[in-house]
Amino acid sequence: MLVSSDTPALSARSLYKSYSSGDSRMDILKGIDLSARCGELTLLMGPSGSGKSTLMAVLAGLSRPDRGTVSILGQPIADLGEANLTAVRLRQCGFIFQSPNLFGALSALDQVRLVLQLTGAPAADIDSRAWESLKEVGLSDRTHLKPSAMSGGEKQRVAIARALVKQPTLLFADEPTSALDRTNGDLVIRILRRIAHRNGAAVLCVTHDSRLVGHADRIVTIDDGRIVSDERPETPDTFHHRDIEHAAS
Ligand SMILES: Nc1ncnc2c1ncn2[C@@H]1O[C@H](COP(=O)(O)OP(=O)(O)OP(=O)(O)O)[C@@H](O)[C@H]1O
Ligand SMILES: [Mg+2]
């Protein structure tokens with residue numbers, strides 16, 4: 001199923017953020033405006049130290065901006081209390097990082113089930129949804145393994161399954177392929193793209209890896225705390241998307 005929607009899953013206006021240490025102050029985000037639509041994979045690129053992870057943390061409501069607003073599904077997160085923000089993050093947002101951060105004692109299946117238990121999913125659905133999510137990332141035959149018995153690529157795919165099982169509206173990934181070889185990195189970015197296109201999630205992925213560029217719907221480049229370019233590469237998929245929209249109109 002191809003989900004196409006203009007709903008801004010995420011919208012940020014005039015974001016500023018600085019860090020102080022001692023007498024000095026470092027401006028990290030210097031007026032960022034960014035929206036992310038459902039159904040799109042957006043890559044966030046830029047030099048080391050340009051503010052990508054800081055921006056992701058602010059967009060995900062993990063860190064507050066000094067100025068500016070972030071809205072998730074049209075709702076300004078500054079208006080949500082801490083409990084509501086946590087609930088939105090838990091139910092609507094998935095997170096994937098460079099390191100998969102799995103629990104050493106749990107099998108792949110249990111890592112994914114745990115998330116559903118935390119979100120309060122009906123007990124009767126938990127097993128089938130966890131299986132489905134692991135199948136989605138190609139790990140149907142690895143569900144019983146603990147992290148020590150998995151390859152780096154497999155562990156990262158469990159981390160994706162764990163983020164995916166919530167069927168998040170927003171998926172934040174910070175350098176999810178940087179610890180992987182080319183084959184696994186390629187697999188991971190294809191999965192992220194599928195999550196955007198098929199599940200209709202807004203996927204934001206920070207990366208340094210220029211090999212991923214060809215997979216993205218949109219590439220936003222940040223330099224020194226500002227967006228310096230925002231492009232939509234022409235891919236076969238872009239044409240496909242447009243053809244469908246054109247045919248439907
Ligand atoms: N908690 C903090 N306190 C002080 N300075 C910070 C903090 N977090 C980040 N910084 C600084 O903000 C700047 C931007 O950091 P950030 O992690 O956002 O960069 P990045 O673009 O993600 O870089 P990389 O590609 O290396 O991950 C850096 O100079 C960093 O040292
Ligand atoms: Mg970073």
Side-chain angles (χ1 to χ4, degrees), residues 10-36 40-72 77-78 82 85-86 89 93-102 152-153 155-156 159-160 162-163 168 170-182 184-186 188-189 191-193 195-196 201-231 233:
L10 184 76
S11 148
R13 294 282 164 263
S14 299
L15 292 182
Y16 290 82
K17 173 107 187 149
S18 58
Y19 290 115
S20 304
S21 75
D23 287 344
S24 65
R25 206 185 68 151
M26 271 186 24
D27 296 323
I28 310 298
L29 303 182
K30 302 177 179 175
I32 298 261
D33 290 294
L34 183 68
S35 292
E40 282 192 348
L41 168 60
T42 301
L43 294 187
L44 223 55
M45 304 188 82
S48 181
S50 56
K52 304 179 299 295
S53 296
T54 304
L55 175 61
M56 290 280 269
V58 170
L59 294 177
L62 297 166
S63 161
R64 289 195 184 276
D66 299 336
R67 271 196 284 152
T69 56
V70 177
S71 300
I72 293 182
I77 59 179
E82 205 52 49
L85 179 57
T86 302
R89 268 205 303 266
C93 303
F95 299 91
I96 302 160
F97 300 99
Q98 182 173 352
S99 153
N101 298 317
L102 302 178
K155 282 189 270 199
Q156 193 58 305
I160 295 177
R162 194 176 53 182
L170 270 160
L171 190 59
F172 297 96
D174 197 345
E175 306 206 29
T177 66
S178 60
L180 303 178
D181 63 18
R182 184 183 183 135
N184 278 295
D186 209 55
V188 161
I189 199 72
I191 292 167
L192 292 183
R193 192 163 102 136
I195 294 169
V203 182
L204 260 110
C205 175
V206 169
T207 186
H208 280 116
D209 192 344
S210 55
R211 291 174 310 196
L212 306 188
V213 163
H215 296 281
D217 298 303
R218 180 179 174 202
I219 298 160
V220 173
T221 308
I222 297 186
D223 197 1
D224 192 22
R226 294 188 180 89
I227 292 179
V228 293
S229 77
D230 188 345
E231 295 170 337

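In each ligand, atom 1 is the first atom listed, and ligand 1 is the first ligand listed. Just so it is clear, the model here is predicted, and its values are computed rather than measured.
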**Q** Would you confirm whether Lys52, through its side chain, and Gly46, through its main-chain N or O, come within 3.5 Å as a donor-acceptor pair?
**A** yes
**Q** Strictly inside 4.0 angstrom of atom 20 (P) of ligand 1, do you find any protein heavy atom?
**A** yes
**Q** Before signing off on this row, confirm whether Met26 and ligand 1 have an N or O atom pair separated by under 3.5 Å.
**A** no
**Q** Has the side chain of Asp33 got a donor or acceptor atom that lies under 3.5 Å from a matching backbone atom of Ser14?
**A** yes
**Q** What atoms of ligand 1 come closer than 4.0 angstrom to any heavy atom of Gly51?
**A**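 Per the distance check, 14 (C), 18 (O), 19 (O), 20 (P), 21 (O).
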**Q** Evaluate the criterion side-chain contact (heavy atoms from CB on, under 4.5 Å) for residue pair Arg211 and Asp186; output intermediate values, then yes/no.
**A** CA-CA 8 Å; Arg211 291 174 310 196; Asp186 209 55; over 6 Å; no
**Q** Starting from atom 9 (C) of ligand 1, find the nearest protein heavy-atom neighbour and note its residue, name and distance.
**A** Tyr19 CE1, 3.5 Å
**Q** Measure the distance from atom 25 (O) of ligand 1 to every protein heavy atom, then report the residue, atom name and distance (to 0.1 Å) of the closest one.
**A**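 Checking every protein heavy atom, the shortest distance to atom 25 (O) of ligand 1 gives Lys52 NZ, 2.8 Å.
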**Q** Looking at Arg89 and Gly61, would you say the former's side chain and the latter's main chain have a donor-acceptor pair under 3.5 Å?
**A** yes
**Q** Please list the nearest protein heavy atom to atom 18 (O) of ligand 1 with its residue and the distance rounded to 0.1 Å.
**A**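 The protein heavy atom lying closest is Thr54 OG1, 2.5 Å.
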**Q** Ignoring angles and geometry beyond distance, decide whether Gly49 reaches within less than 3.5 Å of ligand 1 through its nitrogen or oxygen atoms.
**A** yes
**Q** For Leu15 versus Gly68, what's the shortest heavy-atom pair and its separation?
**A**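 Scanning both residues completely, I find the closest heavy atoms to be CD2-C, 4.0 Å.
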**Q** Please check if a non-hydrogen protein atom sits closer than 4.0 Å to atom 30 (C) of ligand 1.
**A** no
**Q** Within the structure provided, determine whether Gln98 and Asp174 are in side-chain contact (heavy-atom separation under 4.5 Å).
**A**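 No, side chains not in contact.
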**Q** May I ask you to identify the nearest protein heavy atom to atom 24 (P) of ligand 1, giving residue, atom name and distance to one decimal place in Å?
**A** Ser48 OG, 3.7 Å
**Q** Would you mind listing which atoms of ligand 1 come within a distance below 4.0 Å of any non-hydrogen atom of Pro47?
**A**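 Ligand 1 atoms under the 4.0 Å threshold to Pro47: 21 (O).
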**Q** Return yes when Ser20 approaches ligand 1 closer than 4.0 angstrom through a heavy atom, no otherwise.
**A**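 Ser20: no contact with ligand 1 (<4.0 Å).
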**Q** Are Ile160 and Ile195 packed together at the side-chain level, in the sense that at least one heavy-atom pair is separated by less than 4.5 angstrom?
**A** yes
**Q** CZ of Arg67: more than 12 outside heavy atoms within 6.0 angstrom?
**A** no
**Q** Evaluate the side-chain proximity of Leu43 to His215: yes if any heavy-atom separation is below 4.5 Å, no if none is.
**A**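 They are not in side-chain contact.
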**Q** Tell me if a side-chain donor or acceptor on Asp230 pairs with a main-chain N or O of Val220 at a distance below 3.5 Å.
**A**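 Here the side-chain-to-backbone pair does not exist.
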**Q** Examine the proximity of ligand 1 to Ile28 and report which part, side chain or backbone, both or neither, has a heavy atom under 4.0 Å away.
**A** side chain
**Q** In terms of atom number and element, which parts of ligand 1 are under 4.0 angstrom from non-hydrogen atoms of His208?
**A**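 Taking each heavy atom of His208 in turn, ligand 1 has 25 (O) under 4.0 Å.
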**Q** What residue and atom, counting heavy atoms only, is the protein's closest point to atom 17 (O) of ligand 1, and at what distance?
**A** Ser53 CB, 3.6 Å
**Q** The Mg ion (ligand 2): which protein N, O or S atoms are under 2.8 Å away?
**A** Ser53 OG
**Q** Can you name the atoms of ligand 1, numbered from 1 with element, that are less than 4.0 Å from a heavy atom of Glu175?
**A** 25 (O), 27 (O)
**Q** Quick check against the 3.5 Å criterion: does Lys17 have a side-chain atom that pairs as donor or acceptor with the backbone of Arg64?
**A**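 Yes, the answer is positive, given that a donor and an acceptor are paired below the 3.5 Å cut-off.
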**Q** If you take all heavy atoms of Glu231 and Pro233, which pair is closest and at what distance?
**A**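 It is O-CD, 3.6 Å.
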**Q** Which atom pair, heavy atoms only, marks the closest approach of Phe95 to Ala60?
**A** CE2-CB, 3.4 Å
